[in-house]
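Down below is the structure, laid out as structure tokens.
Numbering of residues begins at 1 and proceeds along the displayed sequence. Keep in mind it's a predicted model, so treat the numbers as computed, not measured.
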Amino acid sequence: MTDLAEAAPARAGAAPGRTLTRPAGLRSRRRKEALWFYLFASPWIIGFLVFLLGPMVTSIYLSLTDWDSFTTPNFVGLDNYRQLLTEDPVFWTALKNTIYYSAVSVPLGLLLGLWLANLLNKQVRARKLFRTLIYLPTLVPLVAAAMVFKMVLMPSGALNDLLGVFGIPGPTWLLDPTWVKPSLILLSVWGVGSATVLLLAAMKGIPKELYEAAEVDGASSMRQFWSITVPQLTPIIFFNLVMGIIGAFQVFSQVYVLTRGATQAPEDASVMMVPFLFDQAFSFYHMGYASAISWLLFLVILGFTLIAFRTARKWVFYETEVK
């Protein structure tokens, strides 16, 4: 029995008769490293707890109350959600308009960004100048861009003047329920430069050997684009898709500047979810109701994002992935 007891530490990798202990100097160094880590990470941790997690938890509680931002919140349970889903037609109009805006602007932005990136990737003169011009709109503040578009889209604005040159009567873009959503989509597509830059950078990383091998096999330029370029770009396209969905459902500034949100939208044609939320919270002081809208919007965005991730398995290609 004594021999077995002495042999046990040896089998565990330790010398006979000795106990595995961590040196005091090593423990002290580990504690100092942990302390410095939390010290440098503390601004982010505090910011996350105070400005993100705290307001999120608070908004969950407020969505279950009737609160006007001044008096004590009155707990009403799920009444806000019930009223939104069964009694408020403006909510469903705003949701329908937002889904329409997202369903058109996001694919259109993806296609236009891919087309522009493919053009800018070619060896043409003044290529750097064109790249700068494509990316420049993303540097302009969104409110300033919306103000410019508002002047362009006025009944006597530059766009209608241009259409008049060709004998086409221009519509009242921002006052016509038929044209107000296309006007907003036009503004969203105008800022497609950031997606174009990402796609262009990804194109630069595609191995040239793939194109050389395709040329040897007699593949045309169009075949090379669809069989080599697009599959190699699918991770960036997927990233742009997800970010586009999130951004489109949260559209606010351009809607509020161009149509003054839900309060002055022509026949509720441009009422979107976030402007509707903003009006409920800061125009009518229905803060509990607005909190319920925000969580329903969160669930809608989460649902569409999960659908994108589920379908990505069928069309997104990663070089290091083995299927």
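Aromatic ring orientation, Tyr289 versus Phe276: perpendicular (interplanar angle above 60°, classes split at 30° and 60°). Using cut-offs of 30° and 60° on the angle between ring planes, the pair Tyr285 and Phe70 is tilted. Between Phe278 and Phe282, the ring-plane angle classifies as tilted under the 30° and 60° cut-offs.
In this structure, Asp68 contributes its side chain and Thr71 its backbone to a donor-acceptor pair below 3.5 Å. Judged by distance alone, the side chain of Ser102 and the main-chain N or O of Ile245 form no donor-acceptor pair under 3.5 Å. In terms of modelled atom types and a separation under 3.5 Å, the side chain of Asn160 and the main chain of Pro155 share a donor-acceptor contact.
The two residues Ser270 and Leu184 come nearest to each other via the heavy atoms CB-CD1, 4.0 Å. Leu84 and Phe91 get closest at one heavy-atom pair: O-CD2, 3.5 Å. Pro275 and Val255 get closest at one heavy-atom pair: CG-CG1, 3.8 Å.
In this structure, CZ in Phe249 is found 11.5 Å from CG in Leu302, a value given to the nearest 0.5 Å. Between the CG atom of Leu210 and the CD atom of Glu215 there is a distance of 11.5 Å, given to the nearest 0.5 Å. We find the CG-CZ distance between Leu174 and Phe149 to be 10.5 Å, quoted to the nearest 0.5 Å.
Geometrically, Lys181 engages Tyr100 in a cation-pi contact defined by less than 6.0 Å to the ring centre and at most 45° from the axis.
Taking Ser294 as the reference, nothing meets the side-chain hydrogen bond (donor to acceptor under 3.5 Å, both in side chains) condition, with sequence neighbours excluded.
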Open item on the list: Under the criterion side-chain hydrogen bond (donor to acceptor under 3.5 Å, both in side chains), I'd like the reasoning laid out for Thr229 against Tyr211: C-alpha separation, chi angles, the key distance, then a yes or no.
Closed with: CA-CA 9 Å; Thr229 305; Tyr211 295 103; 2.6 Å; yes
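Asn240 has its side chain within reach of Leu199: a pair of non-hydrogen atoms, C-beta onward, lies under 4.5 Å apart. At a threshold of 4.5 Å between non-hydrogen side-chain atoms, the residues Leu64 and Tyr81 count as touching.
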